[in-house]
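First listed ligand is number 1; within each ligand, the first listed atom is number 1.
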Amino acid sequence: MSREGPPPYSVPIVSEFEGRHTNLFAYPERGPWGNPRYPGNFSGKFVLDLVDLYKSRSVADPFRGGGTTEGVCKEFGIPYWSGDLRDGFNILEDALPPCSDGSSPDLVMFHLPYFDMIQYSGRVWGEKPHPADLSAAASLDEFVRMANEAQYNAYSHVKQGGHVAILIGSIRRQGVLYPLHRMINLYGELQLDGVKVQFNTTGARTPHPARNIALLVTEWVMVMEKPKSWIVPVRVAQPVREFDQRQSARQTWRSIVLSALEACGGSASLSRLYEIISSHRRAQQAAADNVDWQAIVRRELQEGGFQSIDRGVWRVT
Ligand SMILES: C[S@@+](CC[C@H](N)C(=O)[O-])C[C@H]1O[C@@H](n2cnc3c(N)ncnc32)[C@H](O)[C@@H]1O
C-alpha cells in the first residue's frame, strides 16, 4: 500500500507487537502528505493505519487543516472528501458532502482543535475569530458543547458499520489539567481507546517553569463504530463532582483523623479534633450505637502516622 511497505506505520514502541495494529500510535517521521507547517497537523501515516485497520473504503475529514487526509487519499487512490471552516465548510451545521466516488464515508477523521491551544480563525487564517470556530469558543464549556454537536453531525453521516476516529489532546490552564478526551461525549460503540505520542510540538519543546509538572506529550485516540442507522449509543461525559467525606459511612477512622488534622492546617489539639470529628457521619453513627468513638480517634492518633508534638496536641507526620 505504501512507499515503505505494508501498514501499520506506527513505530512499534512495544517491540513484541511489531507488525500488529495496537492502540499506541507513534509517527516520529510525519511523512510528506499535507502541509507540515499547518499548526496542529497530524501524520498521514495515522490515516493510513486506521484505513488499514478498519478496511475503510472512503474517508471524510471535516477538519481539513493542512490537507493531510486529502494528500494521503489522493496518493493511495482512496475516495475522500475534506473541508474546513477556513474554506467555508462548518461541521456544526453543514451536511458532509459525498466522497469523491459519490459514497458516504466509511471513516471520518475527527481532528478538532484542542479548544484554544491553537487559535485558528483570526490567527492561522482569516481576519478575526469566526463564531463557528471550535478554537474560538467563548469558554471551555462552550467548546465541549460545540465539540459534541460537531461529533454527532460527523457520526450521523458515516455509513452503518463505519467509524469516527477522534484525535484530541489535553490542555493545562493556570496549572489545572483539562483532559478534553474525558470531557466530550462519544457517539457510537467505542472500538479503540488509545494514545498517540506527539513529536515536534511547541508545548513539549518549551520547558515548563514548574519542574514538577509533566510535559504533555500524548494525544488521545478514540474510534467509534456506527452499529445502527437510527439509534445512537452515546457515552455521556460526566462533569467533575465533589463529595463531602463527612457524609461518608465508608471513610476509615485513620483517614477521618488525617482529614481533620489537615483541615486544621496539619496540627490540632485533641479537643479540637473531637469537636471537628463529632459532626462526621461515622461519629454520629458510633454515638447512636453507644460506641466510644473518641477512644477510636485516640488509638488512630497513636498507631496511624501521627505525632504528638505537645501535651494533647497532634500533627500529621
Ligand atoms: C487540528 S486542525 C486539523 C489539522 C489537520 N488534521 C492537518 O493534518 O493539518 C483543526 C482544524 O479545524 C478547523 N475548524 C475549526 N472549527 C471548525 C468548524 N466549525 N468546521 C470545520 N472546521 C473547523 C480549523 O480551521 C483547523 O484547520
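Between Y178 and H181, the side chains place no donor N or O within less than 3.5 Å of an acceptor N or O (distance only, hydrogens not considered).
Every pair tested for salt bridge (Lys or Arg N to Asp or Glu O under 4.0 Å) that includes a residue from residues 278-289 fails, sequence neighbours excluded, so the list is empty. The salt bridge (Lys or Arg N to Asp or Glu O under 4.0 Å) pairs that include a residue from residues 13-33 number zero, where partners must be two or more places apart or lie in different chains.
For F46 and F25, the ring centers are positioned less than 6.0 Å apart.
Within 4.0 Å of ligand 1, contacts by protein heavy atoms are made from Y38, G40, N41, F42, P62, F63, R64, G65, G66, T68, D84, L85, F89, N90, I91, H111, L112, P113, Y120, W125, A132, D133, L134.
Cluster partners of L301 are W253, I256, V257, L258, L261, L270, L273, Y274, I277, V291, W293, I296, V297, F306, W314, V316, counting Ile, Leu, Val, Met, Phe, Trp and Tyr whose side-chain heavy atoms approach within less than 4.5 Å, directly or via other members.
At a threshold of 4.5 Å between non-hydrogen side-chain atoms, the residues F42 and M109 count as touching.
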